[in-house]
Amino acid sequence: MSVCNLRSEIAHLVNFQLQSSVSTYSLLCSVNVKTLDNTHGSKSPRSNDSDKASDKAFEGNDSFEATMKHNYIQNYQQQGKPEKTVGNDFWSGKVRKMKLARVFLEDDAQINKKLPRELLLRIFSYLDVVSLCRCAQVSKAWNILALDGSNWQRIDLFDFQTDVEGPVIENISRRCGGFLRRLSLHGCQSIGDGSMRTLAHMCVNIEDLNLNGCKRITDSTCQSLSQNCNKLQKLDLTSCPAVTDLSLKAISDGCPCLTHINISWCENITENGVEALSRGCSKLKSFISKGCAQLTNKAVSCLAQFCPNLEVINLHGCSNLEDEAVVNLAVHCANLHYLCLSGCQKLTDNSLIILAHQCPQINTLEVARCSQFTDAGFQELARHCRLLEKMDLEECVLITDATLIHLAMGCPRLEKLSLSHCELITDDGIRHLTVSPCAAEHLTVLELDNCPLISDLSLQHLYVCHNLQRIELYDCQLITRHAIRRLRMHLPNIKVHAYFAPLTPPPSSGNSRQRYCRCCVIL
């Protein structure tokens, strides 16, 4: 929640009003006695009405003013400063600031008296990490409220500070305790197993843990999580190179509620770890393993057999997979709606055909660099998977305009389509795509870079795609600047990404340059 929203909620909940309510929150976060001592003679930014309101709040506090003035003058005299510096006019402004500071900084401030602690805690619960830390510096009462464990149920250090050390995580763990539900340490490369061991012991109710890029994390961390955090539902171990099969076995033993796991670029994980995970975590809905080149058909088959509720599967770069793995996924995981097989170059049209018949709910399919897929596989897919919205067919070099014709007829919801490096696609295929129901209503992104047969005529066909937001045309040699300008006239909000090589300079006239240098002539 922003500062403005927090201020509005406080004003709505509190039954009293100060004339300076517009600046209340900023004063709460910034005014303190130390800063007042550094503002000699500066004019207060508050209005006269604000001054009257704060003075009224201190009616009958003459003893406080007299005491503060005496102490202030005595302090200046001890410093050898002239007495005129603390004249009545200067002191009057100084007292007003110190009074206001006392209103908002002392633990007996009116806002702390008027609102019950539970309501204040509820308001604080909407703040992010930075705002909570600022509020903790306002007063002792707000320090206790801001650092209450109930306000630290969701912590994301990625947007705050990623170069945190282990003691910071240990302090957070002790303060939050059982309140902590979600923690993101994305990019915190200094965090090690010791800090995570403390976290696992203190925060036993954690449900969502992101360790993406924590390169010092090893199997010891996952073993601690397994022993203490049996409520864990989401775990991200992306780019943790020291994590091995032992981690997945530990998670399988101690975290039966796990529904989402990401082990991308954990290159030491093999089929043994995935098999153990699938047997112990049958509630899995999302499995992401980009770059895990050691995964085999057996690993994916076990995953499909023991985790039938899978909805999201990303096997990008698992180059050892064959049609057998996809067949098992399609047969056992009927709820599958996102599938990435990019870089699995051993797959054939049989994978697409079984997906078409067994997974009609699929809406996102990424098969970049699956170079054995042909028009026949995509024709079957388009006939049965009418909910497809996003397709990545980059470097499917065997597909032709026939694939676009079938997608145009069978996939009315298509929003994003990548045909990069599909060198057999022509203007006629783009024409069929643009006359389909999806073109005018849904198509927003079209990637055609490195399609050498695409010309200006394709851009003319795209005039009817009123919702098209972005088009990629890198290295389309038949596309001209003039055609792009005309496309932008018809679709003013479109982003066109294209590159035109500089013109070849004309041959020099007159005396031609010597063909060989002097050394070459001598040789």
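Atoms considered below: every heavy atom in the structure, side chains included; atoms not considered: hydrogens, waters and symmetry mates. It should be emphasised that the depicted structure is a prediction, and the values quoted were computed from it without experimental measurement. FYI, the numbering just counts along the sequence from 1.
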| task | Apply side chain to side chain contact (heavy atoms under 4.5 Å, CB included) to V168 and I191, showing your working. | result | CA-CA 9 Å; V168 175; I191 303 302; over 6 Å; no
Please examine the side chains of [Y] and [X], heavy atoms only from C-beta on, and report whether any two atoms are closer than 4.5 Å.
{"X": "I362", "Y": "L387", "value": "no"}
{"X": "L478", "Y": "D427", "value": "no"}
{"X": "Y474", "Y": "L448", "value": "no"}
{"X": "I263", "Y": "F287", "value": "yes"}
{"X": "P452", "Y": "Q477", "value": "no"}
{"X": "L120", "Y": "R122", "value": "no"}
{"X": "S195", "Y": "T198", "value": "no"}
{"X": "I169", "Y": "S173", "value": "yes"}

Is there a donor-acceptor pair closer than 3.5 Å between any side-chain N or O of [X] and the backbone N or O of [Y]?
{"X": "N314", "Y": "S289", "value": "no"}
{"X": "D392", "Y": "E394", "value": "yes"}
{"X": "T364", "Y": "K390", "value": "no"}
{"X": "R154", "Y": "N151", "value": "no"}
{"X": "N309", "Y": "L284", "value": "no"}
{"X": "D219", "Y": "T244", "value": "yes"}
{"X": "S252", "Y": "A276", "value": "yes"}
{"X": "H332", "Y": "N328", "value": "yes"}

Which residues satisfy the side chain to side chain donor-acceptor pair (under 3.5 Å) test with [X], sequence neighbours excluded?
{"X": "D375", "answer": "T400, T403"}
{"X": "D456", "answer": "T480"}
{"X": "R216", "answer": "none"}
{"X": "S239", "answer": "none"}

On a heavy-atom basis, the closest approach of S190 and V164 is CB-O, 3.5 Å
When every non-hydrogen atom of L295 is compared with those of I269, the smallest separation belongs to CD2-O, 4.3 Å
Notebook entry, point to check: With E380, which residues qualify under salt bridge (charged side-chain N to carboxylate O under 4.0 Å, His left out), at least two apart?
Noted result: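 For E380 the salt bridge (charged side-chain N to carboxylate O under 4.0 Å, His left out) partners, ignoring immediate neighbours, are R383.
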Check: What residues, two or more places apart in sequence or in another chain, satisfy salt bridge (charged side-chain N to carboxylate O under 4.0 Å, His left out) together with D208?
Finding: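 For D208 there are no salt bridge (charged side-chain N to carboxylate O under 4.0 Å, His left out) partners, ignoring immediate neighbours.
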Do any pairs count as a salt bridge (Lys or Arg N to Asp or Glu O under 4.0 Å) and have a residue in [range], sequence neighbours left out, and if so which ones?
{"range": "residues 354-366", "value": "none"}
{"range": "residues 227-237", "value": "none"}
{"range": "residues 263-280", "value": "E275-R279, E275-K298"}

Y463 meets the ring pair (Phe, Tyr, Trp, His ring centres under 6.0 Å) criterion, sequence neighbours left out, with H490
With H357, which residues qualify under ring pair (Phe, Tyr, Trp, His ring centres under 6.0 Å), at least two apart?
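If we apply the ring pair (Phe, Tyr, Trp, His ring centres under 6.0 Å) test to H357, skipping adjacent residues, the hits are H384.
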Check the pair D245 / N268 against side chain to side chain contact (heavy atoms under 4.5 Å, CB included), numbers first and verdict last. CA-CA 7 Å; D245 291 338; N268 292 321; over 6 Å; no
Hits for side-chain contact (heavy atoms from CB on, under 4.5 Å) against V445, two or more places apart or cross-chain, chain-then-number order -> K416, E447, R470
_Let me confirm one number: the OG-CZ distance from S458 to R431, rounded to the nearest 0.5 Å._
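These two atoms lie 10.5 Å from each other.
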